[in-house]
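A quick write-up on the structure given underneath.
For ligands, and for the atoms within them, numbers begin at 1 and follow the listed sequence.
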Amino acid sequence: MPIPAANDPQALRQAVLDHMHVGMTNQTLLAEEGGPLLMESAEGIYVTDVEGNKFIDGISGMYFRNAGHGREEIAKAIYDQLTSISMNVYSGATPKTIQLAAKLAEIAPGDLSRTFFCQGGSEANESSLKMAQAYHVRRGDKGRYKVISREGSYHGSTYGTMWLGGHPGFPRTDYQPKPANVVTVGQPHYYHDTYGASSAEENGERAALEIEKAILFEGPESVSAVIGEPVSQPLGGVVPPSNYWPMVREICDKYGVLLIFDEVITGFGRLGEWFGADFVGVTPDIMSFAKGITSGYFPVGGSISTQKIADSFAGGPDKVWSHMYTYSAHPGGAAAAFANLAIVERENLVENARVRGEQISESLDEMKAKHPIIGDTRGVGLIQGIEFVKDRETKEHFDASVGVNAMLTEELRTRGVWIRVPAYILPLAPPLTITADQTDELTGIIDEALGAVERRLGVEA
Ligand SMILES: Cc1ncc(COP(=O)(O)O)c(C=O)c1O
């Protein structure tokens, strides 16, 4: 088969079906849907496909395009960097990356001040987990290898990270057995409280105590770290009550367990604060980041640690932290990050995320009053979600065979919003550049699309 021309949508779609493994779907489903979205250009919050259809990008690509689309200054910064020095060498560093590490130490909470760079979120979490365990070993705690993570979270798709958490969209049936170091507990989620709690705070307290119980059950001397996102995305922007993370921090300190925040989505402004750690008022020992650091214009991730952790790797050859990736600390990524962070600062995008988040929350509340299929709306800043239910009383979800998510994806798409809706949650995470009018445009379309889905389901609004 010849290589398809870039301006021939039909040939491109056929070539996707013939030659690509497209993540999280397959050729049969893609063929039924008429092929994947073939993007040709993008500007601000909008993406345009090869046939000229324009969509609001409702989830910022994949929660990464914080500074919005079409940023020539980021592209130019990458070009300028690659035309001077375009690589890093084994155990080396380039000026741009060094400057970025210093910048991160400036904006990161607490004394998080030393960064290991990689290419994405899964690698960042892998690095954070390895860093935590190596830290314990340097201190003589060789038995601390277990990691406590929380159901409903997502921390990546490598073998080391995919078993952490329990994203409903990522069944693990193909990848047995579960690694022996992974311990799973619940997380605060008052809407689906399983602790018999009578308030969100009690739900948070019980969830924190479940971590303590797990540490004691496993034996504190065997536990390396607790990992969690300050605000969890997979279940649709579940915001923990304010007592939860401070309690978890205390529990970790009590048993010598490290706290790792996965800020792959929450970092760099999405919650209306620079980091989720700022939002929840707790500083972790290690923080994983990716996505928003470059708004996805260059693949960059990393793990930033406190000085205490960093110091354990100083000294002779036996202290060295043996960990690397070929493309770690790529200067092109550092240039992209600098240009991106300059935009975030200059355009006050962190504050905009906060204000637009409040606007979205209000609209979601109004929609909830109108649409019976909405069970719950939640979120903060520009990570929000709507959960659909068949029955508000029982909170039962529609059977997967009804395909509510596919219906909603279609109704949104025909009205000009691009969000591929997973099983029973509509995730909402537009670029941080979204204006008040564009926010109204987005929520207005969601409102209309929900009405259309309810009509198709025969549900009376
Ligand atoms: C919270 C969180 N952690 C980690 C990851 C994995 O990042 P990546 O896909 O860049 O490996 C993701 C990806 O969506 C994420 O949302």
Side-chain angles (χ1 to χ4, degrees), residues 21-25 57-66 116-132 147 149-170 172 175 182 184 187 225-240 245 259-271 275-277 279-280 284 286-304 325 327-328 330 333 336-337 340 379-385 419-422 425 427-431:
H21 284 291
V22 178
M24 302 305 294
T25 184
D57 178 0
I59 55 163
S60 301
M62 194 67 189
Y63 307 94
F64 58 75
R65 184 100 326 159
N66 291 12
F116 171 81
F117 288 103
C118 59
Q119 292 75 240
S122 306
E123 289 179 357
N125 284 326
E126 289 275 358
S127 305
S128 297
L129 296 179
K130 287 177 74 176
M131 192 190 284
V147 181
S149 64
R150 304 156 337 131
E151 277 162 31
S153 294
Y154 179 69
H155 297 297
S157 57
T158 56
Y159 257 95
T161 57
M162 58 167 271
W163 273 98
L164 303 171
H167 188 304
F170 287 80
R172 287 147 180 80
Y175 311 111
V182 173
T184 315
Q187 64 173 297
V226 169
I227 185 168
E229 320 92 313
V231 170
S232 188
Q233 174 278 324
L235 299 177
V238 179
V239 183
W245 282 118
L259 179 60
I260 301 173
F261 271 177
D262 176 348
E263 296 241 20
V264 167
I265 288 182
T266 53
F268 306 101
R270 186 154 287 283
L271 301 188
F275 293 95
F279 176 71
V280 301
I286 304 173
M287 183 172 90
S288 307
F289 62 84
K291 301 189 190 252
I293 187 167
T294 63
S295 289
Y297 283 88
F298 202 101
V300 172
S303 305
I304 182 165
Y325 300 107
Y327 301 119
S328 280
H330 196 293
N340 173 63
V380 60
L382 292 178
I383 175 166
Q384 309 249 353
I419 300 175
R420 208 161 193 277
V421 183
I425 282 161
L428 205 50

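- Selection from Q119, H155, E229 by nearest heavy atom to atom 4 (C) of ligand 1 gives H155.
- Ranking protein heavy atoms by distance to atom 10 (O) of ligand 1, first place goes to G121 N, 2.8 Å.
- For E126 and T158, the side-chain atoms include at least one donor-acceptor pair closer than 3.5 Å.
- Among all protein heavy atoms, the one lying closest to atom 9 (O) of ligand 1 is S122 OG, 4.3 Å.
- For T161, no heavy-atom contact with ligand 1 is shorter than 4.0 Å.
- Screening residues 155-167 for salt bridge (Lys or Arg N to Asp or Glu O under 4.0 Å), with sequence neighbours left out, gives no hits.
- Counting the atoms of ligand 1 from 1 in the order shown, those under 4.0 Å from a heavy atom of N125 are 3 (N), 4 (C).
- A donor and an acceptor atom, one from each side chain of S128 and S288, are located under 3.5 Å apart.
- For the residue pair Y63/Q233, the side-chain donor-acceptor check at 3.5 Å is satisfied.
- A donor-acceptor pair under 3.5 Å links the side-chain atoms of E263 to the main chain of G276, judged by distance alone.
- In this structure a side-chain-to-backbone donor-acceptor pair under 3.5 Å is missing from W163 to V182.
- Each of the atoms 10 (O) of ligand 1 lies under 4.0 Å from some heavy atom of G120.
- Not a single N or O atom of Q233, backbone or side chain, sits closer than 3.5 Å to an N or O atom of ligand 1.
- Taking the ring centre of Y297 as origin, the terminal cationic atom of R65 falls inside the region bounded by 6.0 Å and 45° from the ring axis.
- Considering backbone and side-chain N/O atoms, K291 comes within less than 3.5 Å of an N/O atom of ligand 1.
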Does the pair V300 and K291 meet the rule for a side chain to side chain contact (heavy atoms under 4.5 Å, CB included), with working shown?
CA-CA 7 Å; V300 172; K291 301 189 190 252; over 6 Å; no
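- Of all protein heavy atoms, the one lying nearest to atom 16 (O) of ligand 1 is I265 CD1, 3.1 Å.
- Legend: residues meeting salt bridge (charged side-chain N to carboxylate O under 4.0 Å, His left out) with R150, ordered by chain and number and at least two apart, are E229.
- Of the polar atoms of E123, none of the N or O atoms is found under 3.5 Å from an N or O of ligand 1, judged by distance alone.
- By the criterion of a heavy-atom distance under 4.0 Å, both the backbone and the side chain of Y154 are placed next to ligand 1.
- Of the protein's non-hydrogen atoms, the one nearest atom 3 (N) of ligand 1 is D262 OD2, 2.7 Å.
- Residue A290 has no nitrogen or oxygen atom sitting less than 3.5 Å from a nitrogen or oxygen atom of ligand 1, judged on distance alone.
- The distance from ligand 1 to the heavy atoms of V264 drops below 4.0 Å at these ligand atoms: 2 (C), 3 (N), 4 (C), 5 (C), 12 (C), 15 (C).
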